[in-house]
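One structure is given below, encoded as structure tokens.
Fair warning: this is a prediction, and the values are worked out from it, not measured in the lab. As a basis for the values below, the full set of heavy atoms in this structure was taken, side chains included, without hydrogen atoms, waters or symmetry mates. Letters go in sequence order (proteins before strands), and every chain restarts at 1.
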Amino acid sequence: MSEDNKNTKETIISIKEMNKFYGDFQALSDINLDVKVGERIVICGPSGSGKSTLIRCVNRLEAHQSGSVSVNGVELHQHMKNIDKVRSEVGMVFQHFNLFPHMTILENCTAGPMWVNNMSPADAHEMAMNYLNRVRIPEQANKYPAQLSGGQQQRVAIARSLCMNPKVMLFDEPTSALDPEMVSEVLDTMTDLAESGMTMICVTHEMGFAKRVADRVIFMDEGKIVESNEPIAFFESPKSERTKKFLSQVLVH
Amino acid sequence: MIRDTVTDEVLLRKPKFIALLFSIILLCFFIIDPSQSIMGQLLEPALGDPEQSGVYGRFVTSFMLAALLVLNLLAISFIPHFRLQVIVVWIQLLILFLSFFYSFDLSFVFIRSKIWFMVTQGIFTTLYVSAISIVIASCIAIIGAIAKMSSNGFAYAIASFYTSFFRGLPLLMQVYLIYLGLPQIGYVIDAVPAGIIALSLCYGAYMTEIFRAGIMSIDAGQWEGSRALGFNFSLIMRKIILPQSIPLIIPPTGNQFIAMLKDSSLVSVIGVWELMFLARTLGNKTFNHMEMLITAAMLYWMMTMVLELIQSRIERKYQKRQSR
């Protein structure tokens with residue numbers, strides 16, 4: 001379905017000639033990336049290649065030094081006034097969940113809608129329960145994060161982001177910190193989300209997920225986008241030597 | 001601390017150790033010469049007049065005292081329960097202390113005539129000066145901690161100058177400087193407000209560091225998680241970071257309060273009628289200095305014991321909440 005829509009749908013994230021430095025070290029160089037509404041992108045690459053840094057630049061948890069990053073038509077820069085508005089429209093799921101440990105699961109989910117979007121407690125509660133149902137843990141609503149397994153916590157984190165009604169979801173290695181038996185429950189939730197038409201950028205090492213869900217797979221190395229292609233072409237006939245080598249290492253198992 | 005499951009044999013079960021301990025205690029007693037002590041008087045029928053009994057009397061008295069002490073230690077070591085052991089040792093030490101004070105030949109009539117005033121005037125003033133000061137100091141500390149972590153040069157400079165200055169001067173000097181210095185610029189200030197200002201500023205500087213450490217110890221992921229949801233700084237601070245740092249901040253703040261309770265004695269120099277001031281002045285006329293000082297000391301000690309109890313309750317409550 002996305003094949004036909006891709007050209008007609010509008011661009012929601014636009015990154016042009018973006019460079020990022022940590023001191024003298026160049027973390028990202030000359031990144032160009034456009035993401036259209038409804039597109040699902042998987043970013044992979046060896047550790048230290050700048051994948052996480054790239055998606056953290058999209059909601060400006062990290063600053064870029066040159067080039068431009070625009071989200072929904074708003075360009076991100078140091079002195080912008082409405083960063084909180086942009087961030088509230090970009091959901092982000094982290095490797096270590098980053099749930100608020102002093103709040104219940106339900107409170108974690110209702111906090112954003114109530115404090116940022118001024119939603120009434122009753123509406124926020126209803127919406128939170130709705131999303132907790134969708135990630136299949138409504139019965140945990142009144143527990144605290146520490147009482148849940150890693151996989152459950154990550155699903156709560158997804159529900160928490162969804163409660164903000166985001167236009168884009170960013171996933172920063174969402175399964176890397178999980179015990180192996182919990183990976184699939186989180187990937188299933190992400191697959192459901194992708195099927196509902198959510199725009200997603202996922203940094204992940206789960207190549208099976210990339211094959212099944214992605215519209216486009218991007219391979220990064222040393223801060224550059226090395227290759228970007230549709231999943232079938234990407235996995236069956238990678239163009240660059242670096243990509244071939246990486247895939248041969250990842251797909252052995 | 002996590003205790004090992006394997007422990008060494010109790011030292012007091014080893015004959016060699018007991019012999020060594022006994023010899024050392026005996027030597028110590030022999031050096032300080034207890035023949036004039038109560039023990040010496042008790043042994044008078046056997047040894048004769050303590051002053052006449054010489055080295056022999058001195059040795060026998062020391063021997064008896066050392067034997068008594070070691071037997072007592074042995075007896076305590078056989079008490080099976082940890083808590084009971086602690087209580088017995090506490091009571092014994094307390095009795096020793098009290099008999100030490102008792103030996104001063106204090107006038108209890110005088111103490112009884114003054115103690116009510118010391119409690120109503122002295123303790124009351126000490127407590128309310130400390131309580132107001134710790135509240136103001138906490139407010140200063142939050143602002144100071146945020147300023148010290150800020151990227152704003154002005155805020156950082158002012159906060160670091162403040163903490164450096166007030167941590168760098170003796171509290172007594174700050175009390176004088178505020179009480180005697182403010183009138184120089186035309187603002188005459190009463191003793192009690194001056195004392196409260198000095199205590200607040202000084203402890204605010206120390207507590208700035210406590211609050212800063214508490215805030216810094218919260219995982220960076222909490223900041224990122226809340227920012228990603230679109231929370232602004234004040235929201236993140238109030239709802240996410242401070243609620244999580246409070247359990248870390250409370251125990252050292254309780255400590256500061258106990259320390260402040262005692263440091264508030266320094267404001268007695270500018271004539272605030274708190275416990276220390278009364279202890280110094282009440283006994284002056286009749287030369288009952290020791291009575292009043294010891295009474296005040298006991299009152300300070302009792303106050304801090306109560307506060308320590310409250311603090312450990314609060315700490316336990318927060319520990320429970322963390323492990324839920």
Item to check | Glu75(A), CD: over 12 other non-hydrogen atoms inside 6.0 angstrom | outcome: yes

Checklist entry - Does any heavy atom of chain B fall under 4.5 Å from the side chain of Ala157(A), the backbone, both, or neither of them? => result neither

Next on the checklist: If you count heavy atoms of other groups shown closer than 6.0 angstrom to NE2 of His205(A), is the number above 12?
Outcome noted: yes

Next on the checklist: Less than 4.5 Å to any heavy atom of chain B: does that hold for the side chain of Ile83(A), its backbone, both, or neither?
Outcome noted: neither

Checklist entry - Should we count CD of Gln78(A) as having more than 12 external heavy atoms under 6.0 Å? => result no

Item to check | Crowding at CG, Asp192(A) (>12 non-hydrogen neighbours, <6.0 Å) | outcome: yes

Item to check | Interchain contact, Phe94(A) with chain B, by part (heavy-atom threshold 4.5 Å) | outcome: side chain

Item to check | Sequence neighbours excluded, every pair satisfying salt bridge (Lys or Arg N to Asp or Glu O under 4.0 Å) that has a member inside residues 138-148 of chain A | outcome: none

Checklist entry - Counting only heavy atoms not in Met173(B), do more than 12 fall under 6.0 Å of its CE? => result no

Item to check | Residues in residues 126-146 of chain B that sit under 4.5 Å from chain A, counting heavy atoms only | outcome: none

Checklist outcome for this item: Under 4.5 Å to a heavy atom of chain B? For Arg160(A) that would be both

Checklist outcome for this item: Residues of residues 219-237 of chain B with a heavy atom under 4.5 Å from any heavy atom of chain A, in residue-number order, are Asp219(B), Gly221(B), Gln222(B), Glu224(B), Gly225(B), Ser226(B), Arg227(B), Ala228(B), Leu229(B), Gly230(B), Phe231(B), Asn232(B), Leu235(B)

Checklist entry - In chain order, what residues pass the side chain to side chain donor-acceptor pair (under 3.5 Å) check against Asn255(B), with sequence neighbours excluded? => result none

